Trainee: 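Questions regarding the structure given below will be posed in turn.
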Amino acid sequence: MINNKHFLLALKTACLFCAAWGLAYQLAFLGTPLNWDEAFTAIATDPSLSFAFIIKNFLITDTHPPLYYFICWVFNHFIPAAGEVTLHIPSLCFNVLTLLGAFFFFPKHLPKVVKYIFILLLTSNGSFIYYGTEARAYSMLLFFSTALLFVTCNIINKKDIKRTDYVLFFIFTLLLTYTHYFGSLVAGLNAIFVMVFFYKSKNQAYKNFALIYIITFLLFLPWLMPNLYYNAVQQRMAGNWWVNIIHTHKFFIDLMFLFFSNIKAQVIFLLLALSAVFTLRKGMKYKTEISLCLCLFFPVIILALLIKPFISLLMARYFICLLPSAFMFFAIIFYSAFEKNKYLVILLALFVLCAFPSVKIKKFNGVRDASLIIMQLPQKQIKVLAMDSYPAKSIPYLYTYYINKILGADKEVIPAQSVEQGETIWMPTCTDTRIILAEEKLGHRLTKIQTLRESCLLTR
């Protein structure tokens, strides 16, 4: 039943509909206001600055590897009036590339039903749609993770590895490594799996893949060593490198919503997964691909939990690089289960119906709203109390981006080293905890005089 042409046509139609609807959804939200992290992307891809200056002053000090910023920096040379719409275009393009890759370059040895289930899971995923409208590296991370997974699946099903296979594996391993630290981890796990697979198969190709990864690692060192050194010197490896400490239980809740858009979808998917496993029991197909997916998924989660006392990396969005391996795993499992129980297809349809309409692209207008008020202050020079981890030299660029470049004002921003009696200062990301830390830093009490969404104005 599941391999007949009518069922395949229905699945393909559903995939095309979900892909088209998701793309239309993303286009509609392309001009949403930037959040603070996206504003950092804007200044770190400013074409008026040299990329060497950007790396030295913005990126090497506190961020993931720089490939996304470099691509956006080049893009901004061709679209010089970078704003709320144009800054989101590269992320949208990587989402489109991910979809095209899934449609046209999905591993050919796997059944078409597996491909279509994979695409359905991807296109109905809220994170896939959301990060296609965010000017950050996550859609690119998802694209390269997907591409490397496809390349790896093809390689482990070949007896004769061609030069093209080695080249593609090297290119996507290097690109994924330079996209995000979690991408570099997934790339390393891919390489280890391939090496072990061919070593156990007594195939000498494992030596070539070992050499490829050694070369990749050596090419990564010019970024890795200065970045780690700076963060070690700044004592950022004490439980808070990029983000505040996130409790483990909240991380797993966030992770569930990364993979499944809402509670209804989560419940239906759980029923579908349990039914599929119960239906299969001993009849599992494509065990090598399943092993690959599991080896890419669980070590990343386990490692992040193990190093939590030293570096807090439990931000759910970092794990978007695991979507391809998770969806490939479930697509294979569901395909095998559908062969034995065709009625499970109904659960898949219910899941997609519940997951997809719940997708919401909601961004707070905090940066824009705060900037509108700040530009109305009478003084030209605004003192900023930024209790963030952004590099110090980025602050004048970061907090005037909206005010000057988007809204057309002419303000200056300087870090607040002290606050005079009655002076107004701006805290861009304002919480009670940050105000307390600021009071300890400055040595006197501060009073909140106006709240601007997540920002606030303070005075002494």
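As the structure is a computational prediction, the values presented were derived from the model and not from experiment.
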Trainee: Could you name each residue pair satisfying side chain to side chain donor-acceptor pair (under 3.5 Å) that touches residues 288-302, not counting sequence neighbours?
Mentor: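 Qualifying pairs: H109-E289, N157-E289.
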
Trainee: Supply the atom-to-atom distance L211 CG to Y206 OH, rounded to the nearest 0.5 angstrom.
Mentor: 12.5 Å

Trainee: Taking C-beta and beyond as the side chain, do L120 and C18 meet within less than 4.5 Å on heavy atoms?
Mentor: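 Of all side-chain heavy-atom pairs linking C18 with L120, at least one is under 4.5 Å.
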
Trainee: Under the criterion side chain to side chain donor-acceptor pair (under 3.5 Å), I'd like the reasoning laid out for Y68 against S91: C-alpha separation, chi angles, the key distance, then a yes or no.
Mentor: CA-CA 9 Å; Y68 176 78; S91 292; 3.1 Å; yes

Trainee: Compute the ring centroids of Y69 and F58, then answer whether they are less than 6.0 Å apart.
Mentor: no

Trainee: Tell me if the CD1 atom of I263 is crowded by more than 12 foreign heavy atoms within 6.0 Å.
Mentor: no

Trainee: Is it true that atom NZ of K250 has more than 12 heavy atoms of other residues, nucleotides or ligands lying nearer than 6.0 Å?
Mentor: no

Trainee: For Y166, does the OH atom have more than 12 heavy-atom neighbours from other residues, nucleotides or ligands under 6.0 Å away?
Mentor: yes

Trainee: Scan F105, F172, F106, F104 and name whichever one has a ring-ring contact (aromatic ring centres under 6.0 Å, His included) with F150.
Mentor: F106

Trainee: Measure the acute angle between the ring planes of F259 and F327, then classify it against the limits of 30° and 60° as parallel, tilted or perpendicular.
Mentor: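 Perpendicular, since the angle between the ring planes exceeds 60°.
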
Trainee: Check the surroundings of atom CZ in F257: do more than 12 heavy atoms from other residues, nucleotides or ligands lie under 6.0 Å from it?
Mentor: yes

Trainee: Could you walk me through whether E38 and H88 satisfy the side chain to side chain donor-acceptor pair (under 3.5 Å) test, starting with their C-alpha distance in whole Å, then the side-chain angles of each, then the deciding distance to 0.1 Å, before giving a yes or no?
Mentor: CA-CA 9 Å; E38 291 178 294; H88 293 127; 2.8 Å; yes

Trainee: Aromatic contact between F334 and F269, with the criterion being ring centroids under 6.0 Å apart: yes or no?
Mentor: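 Aromatic pair counts; centres sit under 6.0 Å.
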
Trainee: Is the distance from the ring center of Y25 to that of F29 below 6.0 Å?
Mentor: yes

Trainee: So which of F144, Y138, F319 actually passes ring-ring contact (aromatic ring centres under 6.0 Å, His included) with F182?
Mentor: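 Only one option passes, and that is F319.
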
Trainee: Compute the ring centroids of F297 and F329, then answer whether they are less than 6.0 Å apart.
Mentor: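 Between F329 and F297, which both carry aromatic rings, the centre distance is not below 6.0 Å.
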
Trainee: So with a 6.0 Å cut-off around CZ of F51, is the heavy-atom count from everything else above 12?
Mentor: yes

